[in-house]
Amino acid sequence: MFGRLTVEALIHDPIVTGAQVTMVLGALFVIGLLFYTKRWKWLWKEWLTSLDPKKIGVMYIIVALIMLIRGFADAGMMRLQQALAAGDAHGFLTSDHFQQIFTAHGTIMIFFVAMGLMFGLINLVIPLQIGSRDVAFPFLNSVSFWLFVAGMILVNLSLVLGEMAATGWLAYPPLSELAYSPGVGVDYWIWSIQIAGIGSLLSGVNFLVTIIKMRAPGMTLMKMPLFTWSVLNAMLLVIFAFPILTVTLALLALDRTMGMHFFTSTAGGNPMMYINLIWAWGHPEVYILVLPAFGIFSEVVSTFTGKRLFGYKSMVFALCAIAVLSYLVWLHHFFTMGAGGNVNAFFGIMTAVIAVPTGVKVFNWLFTMRRGRIHFTSPMIWFFGFVTTFTIGGATGVLLSVPAIDFQVHNSLFLVAHFHNMIIGGVVFGYFAGLTYWFPKIFGFKLNERLGKYGAYSWIIGFLFAFIPLYILGLMGATRRLDHYDASIGWQGLFVVAGIGVMIIGVGVLFQVLQLVVSIRDRKKNIDTTGDPWDGRTLEWSTASPAPHYNFTITPEITSRDAWWEQKHSKVTETPKYRDIYMPKNSGMGLFIAAFSFLGSFAVIWHIWWLVPISVLAVIALVIYRTTNDDSEYRISAAKLAKLEEREVGT
């Protein structure tokens with residue numbers, strides 16, 4: 001009845017058992033707190049069933065930050081193991097456990113931290129920035145988020161029941177085939193990503209349509225803010241890239257559950273086809289994550305230098321060029337495949353070419369700052385950290401675009417350092433800058449600047465300590481996924497320095513936690529009464545802080561690129577003309593659809609076959625019920641809008 005699920009699935013080594021107990025106690029604490037404060041009804045009505053993109057964005061960010069702590073803990077364990085496991089000392093992790101942590105770290109940080117922060121900020125900002133009251137498909141937005149949560153729960157459940165994959169975060173065959181990974185770890189990996197990936201694809205469609213169809217009157221494409229342009233390109237990449245991931249995971253799942261052999265070389269399959277497919281998704285995925293960060297830095301630099309962004313059109317064309325070129329570089333991840341000199345030369349040239357539009361953006365930001373009055377706020381500190389680390393990553397990326405060099409450092413820690421340069425220095429720093437920048441718009445008060453700067457400096461310094469030694473180790477021949485090495489090689493000192501770097505980053509995380517606590521405590525001192533605490537340039541700063549659930553009482557008319565900047569410096573005032581508006585009603589169907597998707601995936605993982613059709617039919621029934629329900633909106637009258645606006649102006 002329960003397939004492969006037995007009591008043995010709960011039995012783990014002491015370290016994993018400690019993680020199990022921590023997770024269970026944490027969940028019980030939250031549940032107990034909700035009962036104690038009698039907040040269940042409030043949680044259900046105000047958050048879990050909300051279709052307000054701002055609340056959905058906040059939930060995305062909360063989940064992503066929780067997973068950041070989990071991913072950071074995994075990174076800390078890996079670095080501690082590598083610092084200790086030299087010669088006769090074998091560290092505190094077994095080889096199999098180390099490989100599971102390695103896989104979990106990469107999977108969590110890409111799919112459930114970076115993607116979560118990205119979609120969280122997009123939900124918070126894009127409707128406000130384009131002058132829209134909502135996204136194009138509010139219910140689909142809820143489904144996307146809850147599928148993301150279902151995938152997150154599934155990847156963490158592998159700690160409690162069963163195991164995580166020990167294959168690396170992209171699960172290359174033949175290691176991920178049944179012959180070498182007969183347990184449930186790879187299946188957890190497949191289905192957690194599959195569910196979350198489908199949610200990301202739905203979000204991509206939603207936000208592409210939102211940007212194309214729901215901009216305020218007068219906002220042409222060339223009057224859109226740079227952040228909106230960056231999201232538009234990222235969502236186009238999502239729509240074209242994530243179906244590749246969906247199909248690739250489905251084929252691997254068929255290999256493992258139905259006895260097929262798409263990637264089994266001994267049975268007529270081809271494992272290199274998997275690697276081509278996964279990187280045909282994987283390299284656009286890097287730009288899916290980093291393009292919105294580029295957009296954030298464009299907004300931050302322009303705001304905190306008090307200048308219009310230098311070279312707007314060239315920035316737009318650079319974003320579009322990066323989006324197109326990101327599909328022509330995937331093979332540089334495996335020049336060693338043996339595809340031949342001509343193929344390697346083409347992809348090497350394309351990889352070098354994509355550095356050009358990226359460099360254009362860096363120079364545009366620098367020229368924007370030229371002769372500007374720079375305010376050294378914490379978002380700008382994140383920007384300066386980004387410029388430093390991302391430039392290092394870009395330079396090493398150009399090195400890796402040369403096949404001859406790539407042959408020497410392939411599968412080494414040099415590559416690991418380069419990848420983290422792009423993802424941490426580019427993506428994470430960008431999203432932290434965005435969170436700090438837009439925090440008062442969502443919550444109504446600013447974060448503590450002093451602690452924010454301490455956190456940013458700690459991250460930047462810790463990052464350099466953590467990853468520059470990995471470049472050196474990679475050149476010395478240290479491979480990734482290494483959990484033990486000979487003491488005579490002389491690597492241990494560099495691994496210790498890298499571990500110290502992780503500790504410094506940990507200090508930065510503590511500063512960020514303290515920043516949030518202190519900011520909440522002192523929120524009345526830092527309250528934003530203007531709606532525009534940074535003297536911003538774009539439309540989101542024209543609303544109250546926190547922004548109302550309907551965003552705008554009157555849909556704004558756009559006449560220039562920096563719409564809000566022009567409006568607040570204009571002496572022309574118009575009498576507002578209020579109209580009735582319609583907003584979506586709350587719905588719990590997205591949560592239920594995700595719950596049954598989770599059950600179906602769990603059933604496939606453990607071969608509980610009777611539960612699979614029940615889950616699939618339940619999802620279909622819920623979708624049909626929702627799509628046939630016409631009572632999905634409520635009206636806010638013009639008179640009520642006028643009263644709400646008067647109240648905001650009065651306060």
Side-chain angles (χ1 to χ4, degrees), residues 2 5-44 46-48 58-81 92-94 96-98 100-105 107-109 111-113 116 145-146 148-165 184-185 188-189 192 195-196 502-503 505-507 509-518 520-521 591 594-595 598-599 601-602 605-606:
F2 296 106
L5 185 58
T6 62
V7 176
E8 283 74 19
L10 287 165
I11 300 172
H12 297 87
D13 62 47
I15 295 174
V16 178
T17 301
Q20 288 176 321
V21 172
T22 302
M23 286 175 60
V24 171
L25 290 178
L28 290 175
F29 173 77
V30 172
I31 293 169
L33 191 64
L34 288 168
F35 274 115
Y36 178 76
T37 57
K38 299 179 181 178
R39 286 283 189 167
W40 280 109
K41 185 177 180 181
W42 166 84
L43 182 65
W44 176 259
E46 295 295 326
W47 291 94
L48 302 185
V58 170
M59 290 190 290
Y60 262 117
I61 289 169
I62 290 171
V63 173
L65 292 178
I66 292 171
M67 294 304 286
L68 175 64
I69 294 171
R70 160 78 199 275
F72 177 77
D74 288 340
M77 285 192 288
M78 286 191 293
R79 286 292 169 264
L80 182 59
Q81 169 69 16
F92 66 103
L93 296 173
T94 65
D96 185 64
H97 192 186
F98 182 89
Q100 290 186 46
I101 292 172
F102 182 94
T103 304
H105 171 73
T107 303
I108 286 168
M109 296 300 277
F111 290 98
F112 300 106
V113 176
F145 168 71
W146 287 112
F148 170 79
V149 172
M152 178 275 295
I153 294 172
L154 204 56
V155 78
N156 282 287
L157 189 62
S158 64
L159 266 180
V160 180
L161 289 173
E163 61 185 3
M164 186 56 186
V184 295
Y188 268 118
W189 180 86
S192 62
I195 294 173
V502 172
M503 292 173 63
I505 293 174
V507 172
V509 173
L510 291 176
F511 273 127
Q512 289 174 300
V513 173
L514 184 61
Q515 177 194 28
L516 187 60
V517 172
V518 171
I520 293 172
R521 185 197 67 188
L591 191 155
F598 168 85
L599 282 177
S601 301
F602 182 81
I605 291 167
W606 290 100

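Any value given below was found using the heavy atoms of this structure, including those in side chains, with hydrogens, waters and symmetry copies removed.
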Measuring only between side-chain heavy atoms, which start at C-beta, is [X] closer than 4.5 Å to [Y]?
| X | Y | value |
| --- | --- | --- |
| Phe72 | Val113 | no |
| Leu25 | Phe29 | no |
| Phe602 | Leu5 | yes |

Go through the steps to decide whether Met164 and Val155 satisfy the test side chain to side chain contact (heavy atoms under 4.5 Å, CB included), and finish with yes or no.
CA-CA 8 Å; Met164 186 56 186; Val155 78; 3.9 Å; yes
Between Trp42 and Trp47, what is the ring plane arrangement, given parallel below 30°, perpendicular above 60°, and tilted in between?
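Trp42 vs Trp47 ring planes: perpendicular.
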Where [X] and [Y] come nearest, the two heavy atoms and their spacing:
| X | Y | answer |
| --- | --- | --- |
| Leu591 | Leu48 | CD1-CB, 4.3 Å |
| Asn156 | Met152 | ND2-O, 2.9 Å |
| Leu159 | Val16 | O-CG1, 3.5 Å |
| Ala594 | Ala150 | O-CB, 3.8 Å |

Would you find a donor on one side and an acceptor on the other, under 3.5 Å apart, between the side chain of [X] and the backbone of [Y]?
| X | Y | answer |
| --- | --- | --- |
| Gln100 | Glu163 | no |
| Gln81 | Phe92 | yes |
| Thr103 | Ala165 | yes |

Do Phe148 and Phe112 have ring centres separated by under 6.0 Å?
yes
Could you measure the distance from the [atom1] atom of [X] to the [atom2] atom of [Y]? Nearest 0.5 Å is fine.
| X | Y | atom1 | atom2 | answer |
| --- | --- | --- | --- | --- |
| Ser601 | Ile153 | OG | CD1 | 11.5 Å |
| Ile61 | Leu68 | CD1 | CG | 12.5 Å |
| Ile505 | Leu510 | CD1 | CG | 12.5 Å |

Quick one: do Leu80 and Met77 satisfy side chain to side chain contact (heavy atoms under 4.5 Å, CB included)? Show the steps, please.
CA-CA 5 Å; Leu80 182 59; Met77 285 192 288; 5.8 Å; no
Partners passing side-chain hydrogen bond (donor to acceptor under 3.5 Å, both in side chains) against Tyr188 (at least two apart in sequence or in another chain):
Trp606
Residues forming a side-chain hydrogen bond (donor to acceptor under 3.5 Å, both in side chains) with Thr107, sequence neighbours excluded
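Testing Thr107 for side-chain hydrogen bond (donor to acceptor under 3.5 Å, both in side chains), a comparison that skips the adjacent residues, returns Trp189.
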Any pair with a residue in residues 68-81 that passes salt bridge (Lys or Arg N to Asp or Glu O under 4.0 Å), sequence neighbours left out, goes on the list, sorted by first then second residue, please.
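Residue pairs passing salt bridge (Lys or Arg N to Asp or Glu O under 4.0 Å), neighbours aside: Arg70-Asp74.
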Chi angles and distances behind the side chain to side chain contact (heavy atoms under 4.5 Å, CB included) call for Leu93, Met78
CA-CA 9 Å; Leu93 296 173; Met78 286 191 293; 5.7 Å; no
Is it the case that more than 12 heavy atoms not belonging to Met23 sit under 6.0 Å from its CE atom?
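More than 12 within 6.0 Å, yes.
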Given side chain to side chain contact (heavy atoms under 4.5 Å, CB included), test Leu154 with Ile605 step by step and report yes or no.
CA-CA 10 Å; Leu154 204 56; Ile605 291 167; 4.0 Å; yes
